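The block underneath contains the structure these notes are about, expressed in structure tokens.
Remember, it's a predicted structure, so these values are computed and weren't measured experimentally. Note that these values count all heavy atoms, side chains included, but never hydrogens, waters or copies made by symmetry.
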Amino acid sequence: MRRVLNKCAVLPFHRGLSTAVAKVHLPVQLSKQLVQSGSDEVEEIMSVKGPIFSTSVVGGTMAVKRTAELIPLFTPAGMLEKCDFSITLNTEKTMATISCTTAVKYGNGDMEAMTGATTAALTVYDMCKSVSKDGLFISEIKLIRDSKARPKPEQPTPPNPDKESTERKRTPRDPPTEEMPEPKDRTPKDAPRPEPAKDAPRPEPAKDAPRPEPAKHAPKKEIKDSLALLIERIQKEEAEARNKNVR
């Protein structure tokens with residue numbers, strides 16, 4: 001039986017694909033707990049913590065996304081575009097084979113695939129050890145497919161039949177045989193231009209014109225008297241205001 005989760009769509013051929021495999025040997029006691037659920041006859045092992053295989057796929061997917069944080073000095077080649085897990089049980093139902101396929105835009109994704117398969121196998125081990133540790137071990141982790149990303153070849157543009165038909169119909173224009181008459185408003189090219197008058201007299205300003213008289217200012221004595229009256233008025237108003245407040 002085969003279990004496939006986190007399935008993605010088919011990617012273009014120029015993306016790099018890598019597949020890693022991890023095998024986990026299960027004890028005999030766990031094989032008795034296998035149950036069938038769903039219409040696709042998917043086999044699952046239920047433990048105290050929950051479904052083992054579904055949880056392992058979640059843990060593997062999280063590890064694939066954080067490969068650069070788990071492995072020091074590892075630089076991801078590009079953006080992760082695919083993460084596919086499949087879990088297969090043997091006929092005796094004592095061994096689970098976990099395969100992880102990843103696709104990276106500008107690299108091969110080998111480290112992401114191996115990290116996902118390893119983490120998924122460790123998740124199965126962690127969830128099964130509470131039942132029994134006899135015969136529970138991880139046998140091998142290896143990379144079975146590694147294809148590096150290739151540049152996408154340039155496709156030639158198909159010919160456009162409509163464009164060719166329009167180009168064939170076009171013909172060069174015939175040159176004009178008759179000379180066009182010149183417009184009447186235009187002056188002939190060889191006609192002399194009128195020169196401006198050089199000795200024309202300029203108008204002189206009138207000498208006896210009356211000049212405007214400057215404005216007369218008020219004498220200083222009137223200004224002083226008006227200021228004194230204004231000060232007396234202000235003082236009277238202040239005195240009246242004080243008397244009202246005292247009352």
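The 12-atom threshold is exceeded at CZ of Arg145, counting heavy atoms of other residues, nucleotides or ligands nearer than 6.0 Å.
For the pair Val104 and Pro76, the minimum side-chain heavy-atom distance is 4.5 Å or more. At least one side-chain heavy atom of Ser139 sits under 4.5 Å from a side-chain heavy atom of Phe137. When side chains are defined from C-beta on, Phe74 does not count as touching Thr115, because their heavy atoms never get closer than 4.5 Å. Looking at Thr55 and Lys49, their side chains never come closer than 4.5 Å, going by heavy atoms from C-beta outward. For the pair Thr119/Met62, no side-chain contact is recorded, criterion being any heavy-atom separation below 4.5 Å from C-beta on. A heavy-atom distance below 4.5 Å is not found between the side chains of Val131 and Pro27. No side-chain heavy atom of Val24 sits under 4.5 Å from any side-chain heavy atom of Leu122.
Residues Gly60 and Phe85 come closest through the heavy atom pair C-CZ, 3.4 Å. Across all their heavy atoms, Leu143 and Met114 have their closest contact at CD1-CG, 4.1 Å. Taking all atoms of both residues into account, the shortest heavy-atom contact from Ile45 to Phe53 is CD1-CZ, 4.0 Å. Closest non-hydrogen pair, Ala117 versus Cys100, comes out as N-CB, 3.8 Å.
How far CD of Glu112 is from NZ of Lys82: 14.5 Å, rounded to the nearest 0.5 Å. For the atom pair CD1 (Ile52) and SG (Cys128), the distance works out to 3.5 Å, reported to the nearest 0.5 Å. Of the inter-residue distances, the one linking Glu140 atom CD with Lys23 atom NZ reads 4.0 Å to the nearest 0.5 angstrom. Atom OG1 of Thr61 is separated from atom CG of Asp84 by 9.5 Å, given to the nearest 0.5 angstrom. Note that CD of Glu240 and CD of Glu238 are 11.0 Å apart. Values are rounded to the nearest 0.5 Å.
Both Tyr125 and Leu89 are assigned to one and the same hydrophobic cluster, defined by single-linkage of ILVMFWY side chains at heavy-atom distances under 4.5 Å.
Side chain of Asn108 to backbone of Asp146: no donor-acceptor contact under 3.5 angstrom is found. Side-chain atoms of Thr67 come within 3.5 Å of backbone atoms of Val64 as a donor-acceptor pair (strictly under, hydrogens ignored). Panel note: side chain Asn90, backbone Thr94; a donor-acceptor pair is recorded below 3.5 Å.
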Full working for salt bridge (Lys or Arg N to Asp or Glu O under 4.0 Å) between Glu237 and Arg233: CA-CA 6 Å; Glu237 290 178 357; Arg233 184 178 177 182; 3.8 Å; yes
Residues Thr88, Thr97; criterion side-chain hydrogen bond (donor to acceptor under 3.5 Å, both in side chains); working and verdict: CA-CA 5 Å; Thr88 308; Thr97 303; 6.0 Å; no
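Side-chain N/O atoms of Ser18 and Thr102 include no donor and acceptor closer than 3.5 Å.
A side-chain contact (heavy atoms from CB on, under 4.5 Å) with Ile98 holds for exactly one of Val21, Ile87, Thr123, Ile138; it is Ile87.
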